[in-house]
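Heads up, the thing below is written out as structure tokens.
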Amino acid sequence: MPDNAFENPRLAALYDFLSPSAGRGDFSMYLPMAMEAESVLDVGCGTGALLRLARDSGHRGRLCGVDPAFGMIEQARKRTDIEWIHGDLSSVSFEREFDLVVMSGHAFQVFLTDDAIRSFLNAARQALTDSGKLAFETRNPSATEWVHWPDTYSGTVTDESGAEVRHVSEVHGTLANELISFSHTYTSPNWDQPETSDSTLRFLPEEKLDGMLADAGLKILERYGDWDRSVVSETSPEIITIACRAQ
Ligand SMILES: C[S@@+](CC[C@H](N)C(=O)[O-])C[C@H]1O[C@@H](n2cnc3c(N)ncnc32)[C@H](O)[C@@H]1O
């Protein structure tokens, strides 16, 4: 079940205000890749921001977004010139249909178990054309970025109606079994009561990820530690992977 932040229409409507497309590092890498690909599958597409940008930038081919959260896909569906599917990769079966399969916004970290990661990687591989690419990122566990989340993700944001919504982020404990649990509380003068969202994300180490990519028949083409394409180091924030079918 996706987090309340994505499932709840009220909170999903806030997402693009909290994470505006302008200046997003992941989009600076994935948008040019999407523009080069004839067909793009965005897994965990959320409100559809990346595919919207691609269409608005002149992409004329197939753009398909998949997301299991009702609130997010309802936001995405405001655009009728893109294909949207309410579900995840286990609810569809694509066979060599996409030149790019992308997962942005650290959506990969919602997969908490090895089985969930394996099924995603297998389904993504199956969806790729012979020359297709899979692109996604996961936060580097050794950078321990979660210690800064209460500062980074707390503040105020102005919603569609012009109201100021206050959001407070709390991290519960520290990394345990590669998992971090945290919550967000949102308060608006327009709501009777605050909305909360509890979440857990997985921080998969690079070596383990590489083993799982190989097991799924995927070969790493490019690997970066940040959106400036620097190499992965102990302190780099991201583990960014661009992979293809191993054969
Ligand atoms: C942080 S948001 C990222 C949304 C979008 N990719 C972006 O970059 O703005 C994470 C998304 O992953 C979705 N998600 C949750 N569980 C999922 C699953 N099992 N498969 C695919 N997506 C999932 C959520 O509903 C949410 O929209």
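Owing to the predicted nature of the structure, the values given are computational and were not obtained by experimental measurement. Read the numbers this way: they start at 1 and go in the same order the structure lists the ligands and their atoms.
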Checklist line | Top protein contact for atom 1 (C) of ligand 1, by heavy-atom distance | finding: Gly105 O, 3.4 Å
Check: Looking only at heavy atoms of Glu7, does any of them come nearer than 4.0 Å to an atom of ligand 1?
Finding: no
Note to self: Using the rule that Ile, Leu, Val, Met, Phe, Trp and Tyr join whenever any side-chain heavy atoms are under 4.5 Å apart, tell me whether Phe136 and Val43 fall into a single cluster.
What the structure shows: yes
Item checked: Which atom of Gly65 lies closest to which atom of Leu51, heavy atoms considered -> N-CD1, 3.6 Å
Check: In ligand 1, which numbered atoms sit nearer than 4.0 Å to a non-hydrogen atom of Asp88?
Finding: 19 (N), 20 (N)
Note to self: Counting only nitrogen or oxygen atoms and a 3.5 angstrom limit, does Gly44 reach ligand 1?
What the structure shows: yes
Check: Looking at Thr196 and Thr185, what are the two nearest heavy atoms and their distance?
Finding: CG2-OG1, 3.7 Å
Next item on the list: Compute the centroid of each ring, for Tyr30 and then for Trp227, and state whether the two points are separated by less than 6.0 Å.
Entry: yes
Note to self: If you apply the rule ring pair (Phe, Tyr, Trp, His ring centres under 6.0 Å), what do you find for Phe182 with Trp149, and how did you get there?
What the structure shows: CA-CA 9 Å; Phe182 57 98; Trp149 287 357; 5.0 Å; yes
Check: Relative to the heavy atoms of Gly46, which atoms of ligand 1 are at a distance of less than 4.0 Å?
Finding: 4 (C), 27 (O)
Next item on the list: State, with a plain yes or no, whether a side-chain heavy atom of Glu97 is found less than 4.5 Å away from one of Cys64.
Entry: no
Margin query: Starting from atom 25 (O) of ligand 1, what is the nearest protein heavy atom, named by residue and atom, and what distance separates them?
Written below: Asp67 OD1, 2.7 Å
Next item on the list: For ligand 1, note which part of Gln109 has a heavy atom under 4.0 Å away: side chain, backbone, both or neither.
Entry: neither
Next item on the list: May I ask you to identify the nearest protein heavy atom to atom 9 (O) of ligand 1, giving residue, atom name and distance to one decimal place in Å?
Entry: Tyr15 OH, 2.8 Å
Note to self: Please report whether the ring centroid of Trp191 lies less than 6.0 Å from that of Tyr186.
What the structure shows: no
Notebook entry, point to check: How close does the nearest protein non-hydrogen atom get to atom 19 (N) of ligand 1, and which residue and atom is it?
Noted result: Phe111 CE2, 3.6 Å
Margin query: Give the atom numbers and elements of ligand 1 that come within less than 4.0 Å of a heavy atom of Met72.
Written below: 27 (O)
Check: Got an N/O contact under 3.5 Å between Asp42 and ligand 1?
Finding: no
Item checked: Residue pair Arg202 / Thr138: nearest heavy atoms and the distance that separates them -> O-OG1, 4.2 Å
Check: If every non-hydrogen atom of Ile180 is compared with every non-hydrogen atom of Thr174, which pair is closest and at what distance?
Finding: CD1-C, 3.5 Å
Notebook entry, point to check: Where on Cys45 is there a heavy atom closer than 4.0 Å to ligand 1, on the side chain, on the backbone, on both, or on neither?
Noted result: backbone
Check: Among Pro68, Ala107, Gly87, Gly65, whose heavy atom sits nearest atom 14 (N) of ligand 1?
Finding: Pro68
